[in-house]
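Structure first, then comments.
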Amino acid sequence: MVDVFSGRLLISKDGRSVDPEEALQNKVVGLYFSAGWCSPCRDFTPVLCDFYTELLEETQPPAPFEVVFISSDHSAEEMAGYMHAMHGDWLALPYHDPYKHDLKKKYNITAIPKLVIVKQTGEVITDKGRKQIRDKGLSCFRNWLEGADIFQNFSS
C-alpha cells in the first residue's frame, strides 16, 4: 500500500496531512471511490462508517484496517462537505491530486461507489468490498486479512 501512495500525502477528515507510509503500514486498505452527489454512495457510506467503527473502535487491539477515500466530487468544497457530513474518521487523497485518475484506471473503476480492498502492495484482495460488507458484515474482514498476508492476532 505504501507502494501505491509512495511520495504522496493523504489527508485526514479534519484536513491534516498524513504520511501514508505511517498510516497504512501493515494494514488492509479499502480504496473507497465515491462522491457526495451519488445517491448509492450516500446509501453505502453510513454502512461503511459502522463497519469501520466496529473494526477500529470496538475491537481490542483495533483491526489493521484503513480506508482511503478517492473522490469523484465536483469540487474540493463538495468533497470536504461530504467527508464532514458522512464519512468515518478515515483518510483521503487530496481533491486536487491528479493521481486519482491513475487509481481509477489501475483499479478499473467504471462506476461508483466502489470499495476495492487491497494488500500493502496495492494488489487487489477483492473489488467487491461493498457487496461483501453488505452481505457478510464484519466476518468478511477475516477473509481480507488472510488475503493480505498480514499476520496478527485479530478476532472478530
Side-chain angles (χ1 to χ4, degrees), residues 1-36 38 40-73 79-95 97 99-100 103 106-107 109 112-156:
M1 202 52 232
V2 174
D3 308 349
V4 176
F5 291 105
S6 181
R8 301 190 173 273
L9 281 177
L10 298 175
I11 53 171
S12 63
K13 187 175 177 176
D14 61 13
R16 282 177 305 110
S17 291
V18 176
D19 177 358
E21 200 150 338
E22 234 167 78
L24 305 178
Q25 195 167 16
N26 294 322
K27 291 183 181 173
V28 172
V29 176
L31 300 175
Y32 186 38
F33 297 87
S34 179
C38 157
C41 297
R42 288 194 315 273
D43 286 345
F44 178 66
T45 299
V47 176
L48 181 57
C49 278
D50 290 345
F51 180 82
Y52 183 87
T53 300
E54 285 180 59
L55 280 177
L56 271 79
E57 294 173 17
E58 295 168 19
T59 57
Q60 284 305 322
F65 180 62
E66 190 53 76
V67 171
V68 178
F69 168 49
I70 291 99
S71 174
S72 290
D73 288 296
M79 175 183 166
Y82 178 44
M83 286 177 73
H84 287 290
M86 298 194 76
H87 284 215
D89 203 13
W90 52 67
L91 303 173
L93 186 68
Y95 180 79
D97 191 327
Y99 188 53
K100 64 185 172 188
L103 288 171
K106 176 180 173 86
Y107 294 106
I109 306 304
I112 56 173
K114 190 81 165 179
L115 181 66
V116 181
I117 307 301
V118 297
K119 300 180 181 192
Q120 290 261 278
T121 58
E123 194 181 327
V124 175
I125 296 170
T126 180
D127 64 357
K128 296 181 175 46
R130 176 177 167 227
K131 180 177 181 359
Q132 290 180 5
I133 288 173
R134 283 202 186 275
D135 294 351
K136 300 179 187 154
L138 285 181
S139 66
C140 63
F141 185 73
R142 178 170 292 287
N143 297 340
W144 300 346
L145 206 52
E146 287 167 8
D149 309 320
I150 296 171
F151 299 102
Q152 183 167 13
N153 249 347
F154 174 76
S155 54
S156 61

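- Within the 4.5 Å cutoff, no side-chain heavy atoms of T53 are placed close to those of F51.
- In this structure, CG on L138 lies 4.5 Å from CD on E54, to the nearest 0.5 angstrom.
- Atoms CG and CG, on L115 and L48 in that order, are 6.0 Å from each other to the nearest 0.5 Å.
- No donor-acceptor pair closer than 3.5 Å links the side chain of K100 to the backbone N or O of L93.
- Checked options L24, D97, D19; the residue passing with L10 is L24 (criterion: side chain to side chain contact (heavy atoms under 4.5 Å, CB included)).
- For T126 and Q132, the side-chain atoms include at least one donor-acceptor pair closer than 3.5 Å.
- Checking Y52 against E66 by side-chain atom types alone, a donor-acceptor pair falls below 3.5 Å.
- Formation of a donor-acceptor pair under 3.5 Å by the Y99 side chain with backbone atoms of V4 is found in this model.
- Under a 3.5 Å cut-off, the side chain of D127 and the backbone N or O of V116 do not form any donor-acceptor pair.
- Between F141 and F65, the ring planes lie perpendicular to each other; the angle is over 60°, past the 30° to 60° tilted range.
- There is a side-chain donor-acceptor pair under 3.5 Å between T45 and Y32.
- Scanning all heavy atoms of the two residues, the minimum distance from K27 to A23 falls at NZ-O, 3.0 Å.
- Between the CD1 atom of I109 and the CG atom of L31 there is a distance of 8.0 Å, given to the nearest 0.5 Å.
- Heavy atoms only, all atoms of each residue included: I125 and A148 are closest at CD1-CB, 3.6 Å.
- To the nearest 0.5 Å, atoms CZ (F33) and SG (C38) are separated by 13.5 Å.
- Note that CZ of R130 and CD1 of I112 are 10.0 Å apart. Values are rounded to the nearest 0.5 Å.
- Within the 4.5 Å cutoff, the side chain of V28 has no heavy atoms near those of the V118 side chain.
- Using a 4.5 Å heavy-atom cutoff, the side chains of C140 and I133 are in contact.
- M83 has its side chain out of reach of W90: every pair of non-hydrogen atoms, C-beta onward, lies at least 4.5 Å apart.
- Annotation: side chain of S34 is in contact with side chain of Y82 (closest heavy-atom distance under 4.5 Å).
- Of all heavy-atom pairs between C49 and M86, the closest is SG-O, 3.0 Å.
- Looking at heavy atoms from C-beta onward, Y107 lies in side-chain contact with V124 at the 4.5 angstrom threshold.
- Heavy-atom minimum distance, I117 versus G30: CD1-CA, 3.8 Å.
- Counting heavy atoms from C-beta outward, R134 and D43 have side chains that approach closer than 4.5 Å.
- Side-chain contact between V29 and W144 is absent, with no heavy-atom pair separated by less than 4.5 Å.
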